[in-house]
Structures are given as C-alpha cells and as structure tokens.
Amino acid sequence: MKDITLKIVGRRYAEGELEDEMEFVSDAKMYERAGARYLLYDESAFSGFPGCKTRLKLTDSSIRMKRIGDETSGFSADLVFEKGKRFTSIYETPYGSFDMEVLTTDIRSNLDSEGYGKIVLGYDVSLQGDEGRNEIAIEIMH
C-alpha cells in the first residue's frame with residue numbers, strides 16, 4: 001500500500017455553464033488487487049461529507065465509488081461509472097434516502113504504470129428528478 005495525495009476537483013454545470021466548483025486535497029492510500037487499483041481516503045467537512053470514508057476502484061473500463069459514513073454522518077453511496085452506461089443506486093443522506101441515476105458520458109485517464117496521473121470523469125446525474133451535468137478530475141500525486 002502506497003501513501004499518496006489526491007487532488008479532486010468537482011464541477012457542476014447548469015444549462016451548459018459552470019455553476020459550482022469544489023477543490024479538495026487529501027492524503028490517501030493506493031493499492032492493487034486482482035487487476036484493479038484502489039484509492040482510499042477520508043472525506044472532510046470541506047468536501048461536504050464529514051465522517052465518510054471513500055474507496056475508488058479503478059479498472060480499465062470503469063470507476064466504482066463507494067462512500068461509507070460513520071454513525072454520525074448519515075451519508076452513503078455506491079456508484080459505478082462506465083462510459084455510455086446508466087447506473088441506478090440509492091443515495092443516503094442525513095435527510096433521507098434518494099433514488100439516484102448516473103449516466104457516464106466520459107472517462108479519460110493518463111495514469112502511468114505506477115498509478116500516478118489524472119482521471120477525468122464526466123457524468124449526468126438525476127437525483128429525485130433534479131438533473132445536472134457534472135465533472136470530476138482526480139489527480140493522483142506522490
């Protein structure tokens with residue numbers, strides 16, 4: 001298991017215009033198992049998910065994000081991003097559970113053989129009928 005730093009930039013768009021942007025830097029762990037690369041990190045109040053641990057599973061064709069909150073956070077999610085495919089899940093928050101649908105529009109990766117580099121993920125999301133376009137850029141650094 002390697003110690004790494006993650007820089008995550010999230011962008012939300014409305015009617016084709018950038019509506020909101022959030023940048024988050026975190027210490028993380030990276031390891032490989034059965035042909036997949038895993039990234040583990042703790043969320044913070046700044047990221048909007050205090051008390052949560054997030055695991056990203058990276059394969060050649062998909063990214064799976066599993067976010068698990070502690071007993072005080074009330075957040076949890078399990079999402080799969082695979083270009084051109086829809087994925088439906090339940091998004092749990094302190095305010096209740098919501099149906100969530102994600103359509104991945106783009107996955108670009110320039111990771112080197114050691115797992116360092118950048119991944120850009122574009123997706124459309126529908127949460128209880130509220131729709132939006134999002135982008136996440138994940139930079140994996142030494």
Side-chain angles (χ1 to χ4, degrees), residues 1-14 17-142:
M1 193 171 299
K2 296 180 197 177
D3 291 325
I4 60 169
T5 300
L6 291 179
K7 177 180 174 184
I8 301 171
V9 178
R11 295 179 182 95
R12 186 173 58 232
Y13 296 87
E17 299 291 323
L18 181 63
E19 182 179 72
D20 188 31
E21 181 174 280
M22 182 273 306
E23 183 175 312
F24 172 66
V25 177
S26 179
D27 292 329
K29 302 281 187 191
M30 177 170 58
Y31 67 93
E32 290 186 44
R33 182 180 301 151
R37 183 169 282 124
Y38 293 84
L39 308 175
L40 307 169
Y41 63 96
D42 292 331
E43 299 280 359
S44 71
F46 182 74
S47 71
F49 302 100
C52 291
K53 294 187 180 296
T54 298
R55 181 183 74 190
L56 298 174
K57 178 183 178 184
L58 313 175
T59 67
D60 289 340
S61 62
S62 69
I63 298 173
R64 181 175 186 174
M65 182 194 78
K66 187 166 185 125
R67 180 176 289 139
I68 300 172
D70 64 18
E71 60 280 348
T72 62
S73 80
F75 287 102
S76 73
D78 189 2
L79 301 172
V80 175
F81 301 93
E82 189 170 342
K83 189 173 181 176
K85 295 191 177 180
R86 290 186 188 279
F87 180 77
T88 304
S89 181
I90 302 294
Y91 182 56
E92 299 201 23
T93 76
Y95 314 105
S97 298
F98 302 96
D99 292 328
M100 177 183 237
E101 183 179 89
V102 172
L103 170 62
T104 305
T105 56
D106 191 25
I107 296 179
R108 289 174 278 139
S109 173
N110 71 351
L111 299 183
D112 65 20
S113 61
E114 294 184 44
Y116 298 105
K118 191 172 187 178
I119 300 165
V120 178
L121 173 64
Y123 62 98
D124 296 333
V125 65
S126 176
L127 183 64
Q128 295 294 109
D130 185 23
E131 297 185 2
R133 187 170 62 89
N134 296 275
E135 180 181 273
I136 297 174
I138 303 164
E139 188 173 353
I140 304 164
M141 303 176 286
H142 294 271

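Throughout, numbering of the chain's residues begins at 1 and tracks the sequence.
Checked by atom type and distance alone, the side chain of Asn110 never pairs as donor or acceptor with a backbone atom of Gly117 at under 3.5 Å. Between the side chain of Lys2 and the main chain of Gly115, no donor-acceptor pair closer than 3.5 Å is present. Distance alone, capped at 3.5 Å, is enough to place a donor-acceptor pair between the Thr105 side chain and the Gly122 backbone.
Within 6.0 Å of the NZ atom in Lys7, the count of heavy atoms belonging to other residues, nucleotides or ligands does not exceed 12. In this structure, Asp60 places its CG atom where only 12 or fewer heavy-atom neighbours from other residues, nucleotides or ligands lie under 6.0 Å away.
The minimum heavy-atom distance linking Asp42 with Ser26 is given by the pair O-OG, 3.6 Å. Minimum interatomic distance between Ser62 and Ile107 (heavy atoms only, all atoms of both residues): CA-CD1, 4.4 Å. Contact record, Tyr91 with Thr93: CE2-CG2, 3.5 Å, taken as the closest heavy-atom pair. Residues Thr59 and Ala36 share a closest heavy-atom pair of CG2-CB, 4.0 Å. Across Ser73 and Cys52, no two heavy atoms sit closer than the pair OG-SG, 3.7 Å.
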Before you tell me yes or no, could you show the steps for Leu40 and Lys53 under side-chain contact (heavy atoms from CB on, under 4.5 Å), namely the whole-Å CA-CA distance, both residues' side-chain angles and the distance that decides it to 0.1 Å? CA-CA 7 Å; Leu40 307 169; Lys53 294 187 180 296; over 6 Å; no
From CA spacing to verdict: side-chain contact (heavy atoms from CB on, under 4.5 Å), His142, Ile4: CA-CA 5 Å; His142 294 271; Ile4 60 169; over 6 Å; no
Kindly indicate, with the supporting measurements, whether the criterion side-chain contact (heavy atoms from CB on, under 4.5 Å) is fulfilled by Phe87 and Glu82. CA-CA 9 Å; Phe87 180 77; Glu82 189 170 342; over 6 Å; no
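For residues 120-132, the set of pairs meeting the side chain to side chain donor-acceptor pair (under 3.5 Å) definition, not counting sequence neighbours, is empty.
Taking the side chain to side chain contact (heavy atoms under 4.5 Å, CB included) definition, one finds that Glu21 meets it with Val9, Arg11, Leu18, sequence neighbours left out. For Tyr38, the ring-ring contact (aromatic ring centres under 6.0 Å, His included) partners are Tyr31, not counting sequence neighbours. Annotation: side chain to side chain contact (heavy atoms under 4.5 Å, CB included) contacts of Arg37 (sequence neighbours excluded): Met30, Glu32, Leu58, Leu111. By the side chain to side chain contact (heavy atoms under 4.5 Å, CB included) test, Asp20 is found to be paired with Arg12, residues two or more places apart in sequence or in another chain being considered. In this view, Phe75 and Phe49 satisfy the ring-ring contact (aromatic ring centres under 6.0 Å, His included) rule, not counting sequence neighbours.
In this structure, CG on Leu56 lies 7.0 Å from CD1 on Ile63, to the nearest 0.5 angstrom.
Using a 4.5 Å heavy-atom threshold, the side chains of Arg64 and Asp78 count as touching. You'll find the side chain of Val25 stays beyond 4.5 Å of the side chain of Leu6, heavy atoms only. At least one side-chain heavy atom of Leu121 sits less than 4.5 Å from a side-chain heavy atom of Thr104. Side-chain contact between Ile8 and Ile136 is present, with heavy atoms from C-beta onward closer than 4.5 Å. In this structure, the side chains of Glu135 and Val120 come closer than 4.5 Å at one or more pairs of heavy atoms.
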